Amino acid sequence: METTKWWQKGIVYQIYPRSFQDSNDDGIGDLKGIISRLDYVKELGVDIIWLSPVYASPNDDNGYDISDYYQINPEYGTMEDMDLLIQEAKKRGLKIIMDLVINHTSDEHPWFIASKHKDSKYRDYYIWQKEPNNWTSFFGGSAWDKIDDEYYLHLFSKKQPDLNWHNPDVMKEIQDIMHFWLKKGIHGFRCDVINIIYKSSLANGKKKMVLVGKEHYHSQEGCHNILKTLRKDVMDHYDAFTVGETVLVSVDQANDLIHPDRRELDMVFSFEHMETDQISNKWFRTKFNPNKWMRVISKWQTGAYWNANYMENHDQTRSVSRFGDDTKYHKQSAKMLATINLTLRGTPYIFEGQEIGMTNGDFQSMDDLKDVESHRINEIAKKLHFPKKLRWKMMMRSSRDHARTPMQWNSTGGFTKGVPWLKINANTKTINVENNIDDPESILNFYKRLIQFRKDHHVLVDGMFKPLYMRNNIFIYKRFNESDEILIISNMSRNYKKMPIQIFGKILISNVNRNDFIDGILKPYETIVIQGGISK
Ligand code: TEU
Ligand code: CA
């Protein structure tokens, strides 16, 4: 690596504004709420905040359906609040990146409203056809809906019409939007589903189980060209970075987006490690297999130019419930995942609540779920005569709302004094920020130590990654550069295990208080970071 960039050294904390902190007790998180919690975020030790969408939106998909890119959603506050948030963050040395959702807008965006008129110049901002093709939407069912006598394309909900990136006016509009926010002092964008924005053709897709039509819009040359333009004309004028959310990419496809010589994006979120526990799609899951997971991670670590390392986000279920054990070994497994998250090569992302080991939601019925995707899939499954019990099982295993339950600040919630928009998990009684702060052995304090540890050990930023052992639910790898070597050993199971290789050195961090490993036994979900090496 030439010189390390601030966004390679930095650690990102993702805030889902709707669920972080409510300041006026209407049950919805807001910007003033976030401002009131900036000290908490700062104390965690992170450097960058990724703010999920706060733009004006009818909230069909919680802000990923934007009706005005230049306005703040009134539920979240005003532009003055946003300016204040940027300013208050800056005071604390925190940089903010925002979501850039440019595959689609809301159907309530003035462009789309005008686009309904065939002779409007906005008609061509979207993708209209006399007849739909056979493409399917990410949220299930056809990707087309009809208005008057023509159909428009929407790869997500029908309230999220796709923009037409063949139209130069669309490019111009988006550039203006990016300049507007960057000038306000934000430091980059998380680019929503960025690798599918360019549709090369609207021909029928080859018949497949999921995502029919994908070959016409996934990782197209046209997309690379758009990214190069945005980089050159916009991003290069600011001290800012981009992280792309790239669905269904291989390591090679990712490198085509992030290699510095190509001047497109700076890093991407890959999905492969999030797909190791699924069959054909996220609604049909298998038992979590740690060995498969660690091998996928290792492949990306050694193959991708620079990784955006994450265990969970607003679209995924909670990592401690999914990859760990959220009952008996709650603390141990949350700390183990934290250790992996923060010692891999790449920029680490922490999702709000992950740092206290928040678990999946305790929903009782479909009425408790709010996500547009969950409801749509439930409807489709109902039509296919899936029994109610099976449908509920699918939801409990995969609904995005598991990640979106309000932040657990204290034993009664602390998120709002009103009625929260999404049910607060009853386990806030025991899993909350307040009691984490008080307990030196808490998950939160472990995160703080790890974050500081990463800052103190540059090898964790610039060092190479080498896998040493990935079997029997044990993950061992090293990070090394010319002057330093650190080993990370994790037992990803609830069983005691014999240490599979001989190691020596000094224990720097461990989640199970121990001073040496002479016994050679790894405890359930034990994770150890060692300065030293292996002996053969
Ligand atoms: O997600 C894109 C995406 O493909 C999935 O992660 C999606 O959330 C879903 O799980 C598909 O089954 C991004 C955003 O992160 C998500 O919140 C939005 O709903 C989506 O784009 C549309 O903007
Ligand atoms: Ca509020």
Side-chain angles (χ1 to χ4, degrees), residues 14 16-36 50-55 57 59-66 72-78 81 99-106 136-141 143 154-163 190-197 210-211 214 217-218 243-249 268-272 274-275 278 280-285 310 312-317 349 351 370-377 380 394-395 397-404 406 415-421:
Q14 182 191 355
Y16 195 67
R18 206 169 184 75
S19 303
F20 197 56
Q21 178 66 65
D22 179 17
S23 74
N24 61 351
D25 298 327
D26 63 353
I28 298 170
D30 46 54
L31 295 176
K32 283 209 175 83
I34 296 173
I35 295 170
S36 74
W50 154 25
L51 207 57
S52 273
V54 291
Y55 313 96
S57 161
N59 267 317
D60 179 55
D61 188 16
N62 287 358
Y64 283 92
D65 49 321
I66 299 170
I72 297 296
N73 184 341
E75 285 180 335
Y76 297 152
T78 61
D81 296 335
D99 242 284
L100 185 71
V101 188
I102 56 175
N103 176 67
H104 45 264
T105 69
S106 162
T136 54
S137 136
F138 279 70
F139 291 165
H154 60 85
L155 288 181
F156 292 88
S157 95
K158 66 176 184 197
K159 284 184 68 62
Q160 294 169 300
D162 280 47
L163 284 165
R190 175 269 191 188
C191 311
D192 194 59
V193 292
I194 198 69
N195 61 326
I196 62 169
I197 64 175
V210 278
L211 290 182
K214 173 185 163 233
Y217 58 76
H218 186 267
V243 48
E245 187 215 21
T246 48
V247 286
L248 307 157
V249 282
V268 298
F269 291 119
S270 60
F271 279 69
E272 218 181 322
M274 290 290 164
E275 291 161 353
Q278 73 184 35
S280 56
N281 67 57
K282 67 183 251 187
W283 299 103
F284 301 99
R285 294 212 185 269
Y310 72 101
E312 57 190 74
N313 62 34
H314 66 291
D315 291 334
Q316 303 289 337
T317 54
Y349 287 73
F351 179 60
K370 305 290 173 223
D371 183 19
V372 58
E373 182 192 48
S374 296
H375 282 279
R376 172 129 170 116
I377 296 293
I380 292 172
M394 288 161 63
M395 292 302 146
R397 200 64 204 274
S398 303
S399 172
R400 302 192 297 184
D401 280 339
H402 286 298
R404 301 176 180 183
F415 163 72
T416 182
K417 291 199 190 76
V419 182
W421 73 277

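Nothing here was measured: the structure is a model prediction, and the numbers come from that model. In each ligand, atom 1 is the first atom listed, and ligand 1 is the first ligand listed.
- Inspection of the Tyr16 and Asn313 side chains reveals no N or O donor paired with an N or O acceptor under 3.5 Å.
- A salt bridge links Asp61 to Arg400: at least one charged side-chain nitrogen sits closer than 4.0 Å to a carboxylate oxygen.
- Summary of contacts: the protein heavy atom closest to atom 23 (O) of ligand 1 is Asp192 OD2, 2.7 Å.
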### Query
Where do Asp162 and Leu155 land on the side-chain contact (heavy atoms from CB on, under 4.5 Å) test, with the steps shown first?
CA-CA 7 Å; Asp162 280 47; Leu155 288 181; 3.4 Å; yes
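- Checking Asn24 against the Ca ion (ligand 2), an N/O/S atom falls under the 3.0 Å cut-off.
- For ligand 1, the atoms lying closer than 4.0 Å to a non-hydrogen atom of Glu373 are 9 (C), 10 (O), 11 (C), 12 (O).
- With hydrogens left out, the protein atom closest to atom 19 (O) of ligand 1 is Asp61 OD2, 2.4 Å, a heavy atom.
- Among the backbone and side-chain atoms of Ile28, an N, O or S atom lies under 3.0 Å from the Ca ion (ligand 2).
- At a heavy-atom distance under 4.0 Å, no atom of His154 approaches ligand 1.
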### Task
I would like to know whether Asp315 and Arg404 meet side-chain contact (heavy atoms from CB on, under 4.5 Å); could you show each step before the answer?
CA-CA 8 Å; Asp315 291 334; Arg404 301 176 180 183; 3.1 Å; yes
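- Ligand 1 has His104 within reach: a non-hydrogen atom of the residue lies less than 4.0 Å from it.
- Within the listing of ligand 1, atoms 4 (O), 12 (O) sit less than 4.0 angstrom from a heavy atom of Phe138.
- Across all non-hydrogen atoms, the minimal contact from Phe139 to Glu373 is CD2-CG, 3.5 Å.
- Between the Thr246 side chain and the Val268 main chain, no donor and acceptor come within less than 3.5 Å of each other.
- Across all non-hydrogen atoms, the minimal contact from Tyr76 to Pro53 is CE1-O, 3.7 Å.
- Close approach of ligand 1 to Asp315 is summarised as follows: ligand atoms under 4.0 Å from at least one heavy atom of the residue are 1 (O), 6 (O), 8 (O), 13 (C), 14 (C), 15 (O), 16 (C), 17 (O).
- Nearest protein heavy-atom neighbour of atom 10 (O) of ligand 1: Lys282 NZ, 3.0 Å.
- With ring centers used as reference points, Phe269 lies under 6.0 Å from Tyr310.
- Among the heteroatoms counted here (N, O or S) of Asp22, OD1 is the one nearest to the Ca ion (ligand 2).
- Distances from ligand 1 to the non-hydrogen atoms of Met274 include no value under 4.0 Å.
- Side-chain atoms of Asp30 do not come within 3.5 Å of backbone N or O of Ile34 as any donor-acceptor pair.
- Against a heavy-atom cut-off of under 4.0 Å, His314 is close to the following atoms of ligand 1: 14 (C), 15 (O), 16 (C), 17 (O).
- Take the N/O/S atoms of Asp26: the one nearest the Ca ion (ligand 2) is OD1.
- Ion pairing between a basic and an acidic side chain is recognised when a charged N comes within 4.0 Å of a carboxylate O; Asp65 and Lys159 show no such pairing.
- Ring orientation note: the planes of Phe156 and His104 are tilted relative to one another, at an angle of 30° to 60°.
- A salt bridge is defined here as a Lys NZ or Arg NE, NH1 or NH2 lying under 4.0 Å from an Asp or Glu carboxylate O, and Arg285 with Glu275 fails to meet this definition.
- Against a heavy-atom cut-off of under 4.0 Å, Arg190 is close to the following atoms of ligand 1: 14 (C), 15 (O).
- Proximity to Arg400 (heavy-atom distance under 4.0 Å) selects the following atoms of ligand 1: 7 (C), 8 (O), 9 (C), 10 (O), 16 (C), 17 (O), 18 (C), 19 (O).
- Close approach of ligand 1 to Val247 (heavy-atom distance below 4.0 Å) involves ligand atoms 3 (C), 4 (O).
- Close approach to Phe139 involves these atoms of ligand 1, each under 4.0 Å from a residue heavy atom: 19 (O).
- What sits closest to atom 1 (O) of ligand 1 on the protein, heavy atoms only, is Glu245 OE2, 3.0 Å.
- Between Gln316 and ligand 1, no N or O atom pair is found at a separation short of 3.5 Å.
- In terms of distance to the Ca ion (ligand 2), the nearest N, O or S atom of Asp30 is named OD2.
- A cation-pi arrangement is found for Arg18 relative to Trp421, the charged atom lying closer than 6.0 Å to the ring centre and inside a 45° cone about the ring normal.
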